[in-house]
There are 2 protein chains.
Amino acid sequence: MTTRKIDDTPVEAIDEILQKAWHAFQQYRKLPLTTRAAFMRAIAEALNENASDLVASAMAETNLPEGRLKGELNRTIFQLRSYGEACERGAWLDARIDRAQPDKAVPSPDIRKMLVPLGPVVVFGASNFPFAYSTAGGDTACAFAAGCPVVVKGHPAHIQTSQRVADIIQAAAKKTSMPEGIFTHVSGASFETGKALVMHPRTKAVGFTGSLGGGKQLFDWGNQRKEPIPVFAEMGSINPILLLPEKLSSDTPGIAKTCAASITLSVGQFCTNPGLIIGLQSPALDEFKEALKREVNGVLAGKMLHPGIAKAYVEKRSAALAQDGVSVVATGAQNEDQNDMSGVTTIASTTGAHFLSNEILHQEVFGPYSIIIACADETEMLSVIQHLEGQLTATMIATENDIRQHASLVEAVKDMCGRFILNGVPTGVEVCLSMHHGGPYPATTDSRFTAVGADGIRRFARPMCFQNWPDTLLPAELQNGNPLKIWRTVDNELTNGQIE
Amino acid sequence: MTTRKIDDTPVEAIDEILQKAWHAFQQYRKLPLTTRAAFMRAIAEALNENASDLVASAMAETNLPEGRLKGELNRTIFQLRSYGEACERGAWLDARIDRAQPDKAVPSPDIRKMLVPLGPVVVFGASNFPFAYSTAGGDTACAFAAGCPVVVKGHPAHIQTSQRVADIIQAAAKKTSMPEGIFTHVSGASFETGKALVMHPRTKAVGFTGSLGGGKQLFDWGNQRKEPIPVFAEMGSINPILLLPEKLSSDTPGIAKTCAASITLSVGQFCTNPGLIIGLQSPALDEFKEALKREVNGVLAGKMLHPGIAKAYVEKRSAALAQDGVSVVATGAQNEDQNDMSGVTTIASTTGAHFLSNEILHQEVFGPYSIIIACADETEMLSVIQHLEGQLTATMIATENDIRQHASLVEAVKDMCGRFILNGVPTGVEVCLSMHHGGPYPATTDSRFTAVGADGIRRFARPMCFQNWPDTLLPAELQNGNPLKIWRTVDNELTNGQIE
């Protein structure tokens, strides 16, 4: 692996970067949807061609294993291709046409609406996803599909990889004749760099994946601007798993095995990692703990992403374990070779009463950690759910009978999550239109948008309507002949046909 | 007209109001879409039955004439009915289904997504629309359609009317067996009341129509909460009209007549009132000024909504007229009988250079006021457009030839407006799906949402997805059989049919 020296971008350079992005915006937003998709496909192809180099670079910087990184790169390529396809299909534009009604008592004009891009988007790369939620990741793909130029702040923990991906995007932009300024890579770990990017008047939206502290800071800056802008921050969750009695008893060891695998996957470094397991105090729950202990005991600690994350894991875990009423159920094996990078799997346990009275136990411990909450009864279980903050996901391990018998629990779970999984695990986020990767605060800053799936394009677009324009002067998306053959709502009816 | 004593709601009562709304939410969101629509229709019918009483009440409180208020009440009724219909049609739910693919290399689970309501919505009534953007207005209708209970803060300027409408909503709720707490009316002009409503933890979204100062305050409160919530504030605009040369010359008096009618409509008290007219310095523009003067000279001042608005109009107008380089083109006739309520039509004029160097001239003067900007050339005209803040609307008076010859102007206008009108006026906001009544800040706090049309429902809903749920336990909206016959995207294809 060759590494290159990557200088921090001076804060003084940011004005020119955003001005260039703004000029690129004037050109890029006018390009046909097919041209945007072609650009995205060119990036996907180049990532694929450079896969071994990119994976090697990310392995060197992040401690993530080859298999995981290959999978993540493929996911990144799939995102670029599938969001590009969604861009071309055009359903995301929410095109609506209401034709003029000159014969009504009060005649109404012709009105046609579609989504248009917001402008330059600043994307902050994630530490735990060097490909899929970083430089050419989901936020960048959504912004390009929406018609927005992108300025990426590369994550300092994998800046070499970020720069390589940035070079690939630049080359793809050149190859497909994109306007200069369509994409810029910024490096620098300082507070000032991030702030200057968010506060610049030409920045029109922000995408972020990371910690609550980081995301909230960007959100506050975005709102404090003279012109506030949308800051979509996906800030993680503790992703509760609820164990309902009939299902738990039916296969306690199997459920424990599945949970253990999800908790330890990628050394627990997923925003969908299940950090909370909620059950009813019972022999079945005791058996579950024993089974989970057997699963976890054999797990050798993995290297975490970087020393800072490993240190934070140790500190947060220690703080949680030091709370009143918390005991350790199981720990995985330490890996002596890894020094300060090691993430030792840890399962804790407490009662519903202790959990309800102690907010420290509600906080995310980013890593292979989960706490089991043994509730005295269903009423306490409901209370625990009602006291949880917003979550990306919630999982229920339940039979149909369990679900019918615990309807109030099910309803309470719906209040606080973006994705509700039945008899599965929260880790593994499918990239498809039906996916919602978002949730009430603090899972994200705006529960109405998703970070995964082509619906994420909408974060970076706004409706605009044309009133009384002749057909020839309208964008192709809104013309009578429907040359792009997109689905549109015409006089309240969905159709992909032409209109007269 | 009988008036009743309406006490201010004590700030201490707000907790109980929101807790009740939260309990109602648990019931209301589970009701079928048709039941929500039936509730909305019942409100519409009762408003219709009580029309003469309501119009008389609003006339007494707002100075708005009978014809205008009758029209506004009919619009309010139409909104409730048409948003209820949209609610039933279900396209707004953005239902998406991706069926399981067990045979893929990495098998994928069944995932199904739809919009679900956010929770209790607080609505702040508008001073200038006692019906259509107040108690049973657009925000309330959108929230009910989304599945959210509503708490309305009645506008102090028409609190009697607001209370009457609230009583009608309560009766309709009872008649259609809605849960207690589905709607509550709060009165009180104090800062504390508004703040307590926005800051309450059970409040999940806010709708507001009014001034920039008021909307920005609510937006800041919403963001400063422990759990930030979306505050959609529609805060008005100066709604520029651009006069392009060929079209202006073709019918100068006719265009002046149309502009004058729009400026003076309802004593200029619309958020879409055209407060800015931009043209190129030329004999045609001089002729336009003369023609506008003739139109305006004959207009007798109308009574403004209330003394506070009339006072603010006089002050803001005086401030604008006192700026360097600003002259008065025309004023309407004073109406001596109206004392301090009178809104005298005023047309001012300045140069592009003066406008560009003075931000005071960019501010809204709420009332029958407009300023003509005479630009030295097209470059200056472009600069004027580029320096405007976000607008609800922009209007272009232009031939097709004008548009082709001034493409850069057209593109610059698109950057800053939500609705782009060709050869019309911005006043008159059609209620239909293709309408966008929103725009970049400061027109609204979030340009991605609309205050008018059924797409406004989305302000109060968020996606939620179900992973691996059996068909029988899914909401009807997502079941294979599609019992509600709604349009859904299944495996990336739109269909209103069943699936296997």
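Reckoned from all heavy atoms, side chains included, excluding hydrogens, waters and symmetry mates. Please read these numbers as outputs of a predicted model, since none were measured by experiment.
By number of non-hydrogen pairs under 4.5 angstrom with chain A, the leading residue of B/Gly438, B/Ala91, B/Pro440, B/Pro109 is B/Pro440. Contact tally against chain B (heavy-atom pairs below 4.5 Å) for A/Asp94, A/Thr450, A/Asn423: the top residue is A/Asp94. The residue among A/Arg459, A/Glu85, A/Arg458 with the most heavy atom pairs within less than 4.5 Å of chain B is A/Arg458. In terms of heavy-atom pairs under 4.5 angstrom with chain A, the leader among B/His437, B/Glu411, B/Arg112 is B/Glu411. Each of A/Gly424, A/Pro230, A/Ala454 has some count of heavy-atom pairs under 4.5 Å with chain B, and the biggest count is that of A/Pro230. In terms of heavy-atom pairs under 4.5 angstrom with chain B, the leader among A/Cys417, A/Pro117, A/Pro442, A/Gly453 is A/Cys417.
The shortest non-hydrogen separation linking B/Lys113 to A/Leu433 is NZ-O, 3.0 Å. Here the closest heavy-atom approach between residue A/Glu430 and residue B/Lys104 is recorded as OE2-NZ, 3.3 Å. Here the closest non-hydrogen pair linking A/Val425 and B/Gln467 is O-NE2, 4.3 Å. In this structure, B/Asp415 and A/Arg462 approach most closely via the heavy-atom pair O-NH2, 3.4 Å.
Between A/Leu422 and B/Pro470, the closest side-chain pair of non-hydrogen atoms falls below 4.5 Å. Contact check for A/Arg89 versus B/Asn492: side-chain heavy atoms found under the 4.5 Å cut-off. With contacts defined as side-chain heavy-atom distances shorter than 4.5 Å, the pair A/Asp220/B/Asn223 does not qualify. Residues A/Val116 and B/Lys414 are not in side-chain contact: their nearest non-hydrogen atoms beyond the backbone lie 4.5 Å or more apart. Under the 4.5 Å side-chain criterion, counting only non-hydrogen atoms from C-beta, B/Glu227 is not in contact with A/Glu389.
Interface residue B/Arg419: backbone and side-chain heavy atoms are both found under 4.5 Å from chain A. Contacts of B/Ile97 with chain A are made by backbone atoms alone, with heavy-atom separations under 4.5 Å and no side-chain atom involved. With a 4.5 angstrom heavy-atom cutoff, B/Lys226 touches chain A via backbone and side-chain atoms both. If you measure heavy-atom distances from B/Val410 to chain A, the contacts under 4.5 Å come from the side chain alone. Of the atoms belonging to A/Arg404, it is side-chain heavy atoms, and not backbone ones, that fall under 4.5 Å from chain B. Both the backbone and the side chain of B/Pro228 come within contact range of chain A, judged by heavy atoms closer than 4.5 Å. Neither the backbone nor the side chain of B/Gln224 has a heavy atom closer than 4.5 Å to any heavy atom of chain A. Looking at B/Arg29, only its side chain comes within 4.5 Å of chain A, counting heavy atoms on both sides. The contact between B/Asp455 and chain A is made entirely by side chain atoms (from C-beta outward), counting heavy-atom distances below 4.5 Å. Both the backbone and the side chain of B/Ser447 come within contact range of chain A, with heavy atoms under 4.5 Å apart. The contact between B/Leu473 and chain A is made entirely by side chain atoms (from C-beta outward), counting heavy-atom distances below 4.5 Å. Heavy atoms closer than 4.5 Å to chain A are found in the backbone of B/Ala461, but not in its side chain. For chain A, the nearby part of B/Leu118 is the side chain; its heavy atoms alone come within less than 4.5 Å. For B/Asp446, the part lying under 4.5 angstrom from a heavy atom of chain A is the side chain only. Heavy atoms of A/Ser108 lying under 4.5 Å from chain B belong to its backbone as well as its side chain. Heavy atoms closer than 4.5 Å to chain A are found in the side chain of B/Gln26, but not in its backbone.
Remark: B/Trp469 engages A/Phe420, B/Phe466 in a ring pair (Phe, Tyr, Trp, His ring centres under 6.0 Å) (not counting sequence neighbours). For the ring pair (Phe, Tyr, Trp, His ring centres under 6.0 Å) test, no residue two or more places apart in sequence or in another chain qualifies with B/Tyr441.
The distance from atom OG of B/Ser434 to atom CZ of A/Arg96, rounded to the nearest 0.5 Å, is 9.0 Å. Note that OG1 of A/Thr495 and CG of B/Leu494 are 11.0 Å apart. Values are rounded to the nearest 0.5 Å.
Around the NZ atom of B/Lys216, the shell of radius 6.0 Å holds more than 12 heavy atoms that belong to other residues, nucleotides or ligands.
At least one test fails for B/Arg448 against the ring of A/Phe460: distance under 6.0 Å to the centre or angle within 45° of the axis.
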